[in-house]
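Have a look at the structure below, then the notes.
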There are 2 protein chains.
Amino acid sequence: MSDSPVVVEVTRGPLVESRHEGIAAVVRADGTVVASWGEIDARILPRSANKPIQAMAFVESGAVEKFGLGNEHIALACASHSGEKRHVETVRAWLKKVGLSEDDLECGTHPPRLQATIESLARANALPTPAFNNCSGKHSGFLTTAVAYGEPTRGYIKYDHPVQRRLRAVMTELCGTNADDFQYGTDGCGIPTLATPLRLLARAMANMAEPSRLSNKHAEAATRIRAAMNAEPFMMAGTGRFCTRINEALPGVAQIKTGAEGVFCGMLPGLGLGIALKMWDGAARAAEVAMASLLGHFGVLPAERREALLHPPVKNVVGLLVGEMRPAKSWLG
Amino acid sequence: MSDSPVVVEVTRGPLVESRHEGIAAVVRADGTVVASWGEIDARILPRSANKPIQAMAFVESGAVEKFGLGNEHIALACASHSGEKRHVETVRAWLKKVGLSEDDLECGTHPPRLQATIESLARANALPTPAFNNCSGKHSGFLTTAVAYGEPTRGYIKYDHPVQRRLRAVMTELCGTNADDFQYGTDGCGIPTLATPLRLLARAMANMAEPSRLSNKHAEAATRIRAAMNAEPFMMAGTGRFCTRINEALPGVAQIKTGAEGVFCGMLPGLGLGIALKMWDGAARAAEVAMASLLGHFGVLPAERREALLHPPVKNVVGLLVGEMRPAKSWLG
């Protein structure tokens, strides 16, 4: 364990122009801390980085079989997708299968991530709909679970709805601490996001990576979710995205998920490890370099990918290389 | 002077979800430090925050009179604009007046900042051009200065071109240190960005705010630039932008300019003060709250604007208030 923090640097010419600090924990399923940087008992909001955990109750409900769903839907339930054509069309078809529509999504609508999507909507004189929301897959999983259990779907984002109560029950088992005691904020998509000590979030990931301590039902769901994340990496994020590239490149070896405000979670089933990290300033660019650095540190990054992932280039408007990002020497440099 | 840094917090529900640290210096024209937080002798890259300084040689060249230009062009020379219709059309008309066109701009082309602009281009089946670049006004000022002095325009972004040499000469006078000795990186728009101790950048701003120590030519240019920043605030940035709102709200009282990677500069002529700040993680959202906090601290923010500027809301996708940004209690809270 190290008191010194995670540090990611951004250079421009001869200078370190900017730098990002954070905390990271790498933990076994029994709670043993294998490596850590900074105050890992600090509480953070996992945001979307724990969507794989939030997908557990969906898979456990039997809804995948009942409604003829597959890996693409499980991956979407774990995803922060870019709202590209295949994401949106799959969500729409999924909701139809369970007798619902986009109108039942309570996540709201935001502009699509990719300029190309914004442009194609404008050319068609169309507006984005809730299916374009990066969380629409997770919300479809929530709705589908409620339908599978015969519960009212309206209000499924509220703290006391059975969907959210089940989510806390899963968190309780995976973290080893009662998640009903956690404070919470409201996530971008409207659901509660639970203030979780980083160490426990990493332990939850370890229990999904190496689920032998869990009940059969939980263990089977965790294994299935990990497989889906690797099998449908495009559904996890989208064109060019870090989560898509890593989940595609490391089948069976690593499953990772980003969250807003600089959070990242990961599972390393072969090593029986769970990873959680948070950049204090909320910077996604730094969280990606930090996650890549940890994957490299634990020996699961192919050599030919290390440089591009650990030292992504900083380019200017005309494409000139003007700097790079990198893990600081004081951390993992 | 304080060793403790600038700190801006981002809350969500009951938690401080993210936090940003930085440095700030408030200095008089004679170099006296009036207030500071963190290591103000650290070298930073000013990026676009010193565009008002970069506009000095343009105004001093007499090109404004020679080519029938006005406040809107001086403000554009100081601007990081959003590429809205009025910005783009004014740049195009300006270049035509001096016998040039967009093809002479060496800043490159990037997607416009506003989704509405991206959409209107897509609907017209048009692509952005160099005039849409947020730096196109500054580059038009560079080109115009070269034309006024009868210099070749090509290569005006290079370190040894007379345009860039004049820029360093102005920096040298305003900072009180030879800017030819500064290391440099390449800015997003291709020009050298000089590694400047934050304290000296604040001093340069103070010399523009209270130019009595400068030569008549420099002093007149500084006064004219400050007036143009207040007179044409839309040209400084664009719809809804912080620089536009502040430069509009505080005529004669404050002139401010943002830069990439969390830099902000400001002039308070009534108090004879220059401000420079840098958020270490490069976050623009934090640099804005930090600048607003300093304006409040020095008593130049109207009471009715303080709350909105110092505590901007954090909303989720459906518009629900889920948190706020704020200066930390440990800093100016």
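Worth saying up front: this structure is predicted, and the values here are computed from it rather than measured. Reminder, nothing fancy here: chain letters follow the sequence lines and each chain counts from 1.
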Chain A shares the most heavy-atom pairs under 4.5 Å, among B/Ala122, B/Gly13, B/Pro192, with B/Ala122
Among B/Ala124, B/Gly108, B/Pro14, the residue with the most heavy-atom pairs under 4.5 Å to chain A is B/Pro14
Honestly, the part of B/Leu45 sitting under 4.5 Å from a heavy atom of chain A is both
Part of [X] lying under 4.5 Å from any heavy atom of chain B:
X	value
A/Leu320	side chain
A/Val317	both
A/Cys107	backbone

Looking only at A/Gly188, A/Cys189, A/Gly185, A/Gly323, most heavy-atom pairs under 4.5 Å shared with chain B are made by A/Gly188
Across chain B and chain A, going purely by atom type as modelled, what donor-acceptor pairs are there at a distance under 3.5 Å?
residue  : atom : partner  : partner atom : Å
A/Arg12  : NH1  : B/Thr186 : O            : 2.7
A/Glu17  : O    : B/Lys278 : NZ           : 2.9
A/Glu17  : OE1  : B/Arg47  : NH1          : 3.3
A/Glu17  : OE2  : B/Arg47  : NH1          : 3.0
A/Ser18  : OG   : B/Glu261 : OE1          : 2.6
A/Ser18  : OG   : B/Lys278 : NZ           : 3.1
A/Arg19  : N    : B/Trp280 : O            : 2.7
A/Arg47  : NH1  : B/Glu17  : OE1          : 3.3
A/Arg47  : NH1  : B/Glu17  : OE2          : 3.0
A/Thr186 : O    : B/Arg12  : NH1          : 2.6
A/Asp187 : O    : B/Asn316 : ND2          : 3.3
A/Gly188 : O    : B/Val317 : N            : 3.0
A/Glu261 : OE1  : B/Ser18  : OG           : 2.5
A/Glu261 : OE1  : B/Arg285 : NH2          : 2.8
A/Glu261 : OE2  : B/Arg285 : NH1          : 2.8
A/Glu261 : OE2  : B/Arg285 : NH2          : 3.4
A/Lys278 : NZ   : B/Glu17  : O            : 2.9
A/Lys278 : NZ   : B/Ser18  : OG           : 3.1
A/Trp280 : O    : B/Arg19  : N            : 2.7
A/Asp281 : O    : B/Arg285 : NH2          : 3.2
A/Arg285 : NH1  : B/Glu261 : OE2          : 2.8
A/Arg285 : NH2  : B/Glu261 : OE1          : 2.8
A/Arg285 : NH2  : B/Glu261 : OE2          : 3.4
A/Arg285 : NH2  : B/Asp281 : O            : 3.2
A/Asn316 : ND2  : B/Asp187 : O            : 3.3
A/Val317 : N    : B/Gly188 : O            : 3.0

